[in-house]
Amino acid sequence: LEADGSDLRRAEIEIINKEEAMIQPDNRSSDPSLDLQELLTRLDNDCELLRDLLRIFKEEFPCLLQSLQEAEVRGDMKGVEVTAHTIKGMLANVSFARAAASAACLERMGQQSVTQGLPEELASLEQEASLAVAELEAFCTEMIR
Amino acid sequence: MKILIADDSAISRCLVQKTLERGGYEVLAVENGRSAAECLSSADGPRLALLDWVMPELDGLSVCRQIRSLSNHPYIYMILLTSKESREDMVKGFEAGADDYLTKPCDPEELKARLRTGQRILRLQDKLIQDARQDPLTRLPNRAFFLDQLAGCVKRARRRPDYIFAVLFVDTDGFTTPSDK
């Protein structure tokens with residue numbers, strides 16, 4: 001067998017990433033449901049933009065969640081991976097930290113075709129996202145007052 | 001300066017668009033890779049681009065590869081803005097032709113700083129091309145420019161039989177004396 005330096009490096013990166021992708025012990029309980037401070041800093045305290053993002057989130061998230069649930073029912077693990085990835089980016093953009101961690105976990109499960117615990121993780125994602133939305137809505141209502 | 005945002009997530013597009021418009025950029029936003037590639041390869045398209053990786057129709061990596069394969073096109077500075085965080089993904093992104101790599105959610109100040117770097121590189125790239133194609137003394141187009149134009153004309157003539165071009169040779173007598181002065 002012959003392998004040049006780049007082949008070895010590629011194999012090394014692959015092993016490191018597989019190790020990183022293994023479902024890690026869950027430390028998301030330390031994450032806030034909504035990291036409001038981080039979000040407001042990133043938005044430069046623009047409350048109008050915050051309301052726009054919340055509106056878009058409420059329009060887009062249910063459809064994506066439904067796609068994810070359908071992919072899980074079909075046993076389409078590639079679909080689970082791709083949709084969870086899209087949801088992860090969306091949740092990160094609105095600083096829904098715990099829900100984003102849940103989406104990241106679902107993405108890894110899809111990548112590794114892990115079906116055990118998938119419905120529970122899906123339920124957790126839905127619940128965490130609902131909590132964060134409620135928190136953000138409460139903040140926006142307070143802002144209007 | 002014009003900048004393209006390509007992302008299938010409306011939240012990402014809205015967030016980045018607002019940040020960049022505040023920074024004085026003229027933003028064009030599209031929601032899939034095919035529209036991004038078309039926009040970037042058009043004659044007066046943007047020269048800065050923020051591309052998501054996972055997009056419908058054509059992903060961000062394919063957009064990078066397609067744009068890098070264009071010959072005789074102004075350099076386009078492309079940044080991948082993605083939720084893919086692994087080192088392997090980052091390496092893949094750079095190998096596909098991306099100039100920079102950012103993960104979501106990105107800090108607005110960091111994004112703007114990286115775009116300023118992109119603009120600096122585009123200016124240097126343009127200067128390099130300009131200097132390579134004109135005589136430094138007379139500022140007239142040089143041999144490299146002529147050969148480049150000629151190659152373009154030959155290519156066009158091969159493609160379109162109705163395309164005709166002519167080459168005119170002009171010599172200036174006694175040019176050395178004034179140019180030495």
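Ile129(B) and Tyr75(B) end up in different hydrophobic clusters when Ile, Leu, Val, Met, Phe, Trp and Tyr side chains are linked at under 4.5 Å. Hydrophobic clustering (side-chain heavy atoms under 4.5 Å, transitive across Ile, Leu, Val, Met, Phe, Trp, Tyr) keeps Ile121(B) apart from Leu80(B). With hydrophobic clusters built from ILVMFWY side chains whose heavy atoms lie under 4.5 angstrom apart, Leu118(A) shares a cluster with Leu65(A). If you chain together hydrophobic residues whose side chains sit under 4.5 Å apart, Val54(B) and Leu58(B) fall into the same group. Under the 4.5 Å side-chain heavy-atom criterion for grouping Ile, Leu, Val, Met, Phe, Trp and Tyr, Leu40(B) is not connected to Ile5(B) through any hydrophobic cluster.
Top candidate by heavy-atom pairs under 4.5 Å with chain B, chosen from Asp52(A), Asp46(A), Val82(A), is Asp46(A). Between chain B and the options Glu107(A), Arg55(A), His85(A), heavy-atom pairs under 4.5 Å are most frequent for His85(A). By number of non-hydrogen pairs under 4.5 angstrom with chain B, the leading residue of Leu64(A), Asn93(A), Leu49(A) is Asn93(A).
Both the backbone and the side chain of Leu53(A) come within less than 4.5 Å of a heavy atom in chain B. When heavy atoms are compared at a cutoff of 4.5 Å, Leu43(A) approaches chain B by way of both its backbone and its side chain.
Chain A is approached within less than 4.5 Å, heavy atom to heavy atom, by Asp8(B), Ser9(B), Ala10(B), Ile11(B), Ser12(B), Cys14(B), Leu15(B), Lys18(B), Arg22(B) from residues 8-27 of chain B, ordered by number. Listed by sequence position, the residues of residues 70-81 of chain A in contact with chain B number zero, using a 4.5 angstrom heavy-atom cutoff. Of residues 99-119 of chain B, those residues lying under 4.5 Å from chain A by any heavy-atom pair are Lys104(B), Pro105(B), Cys106(B), Pro108(B). By a heavy-atom distance cut of under 4.5 Å, not one residue of residues 132-142 of chain A is near chain B.
Within a 6.0 Å radius of CD in Glu48(A), no more than 12 heavy atoms belonging to other residues, nucleotides or ligands are found.
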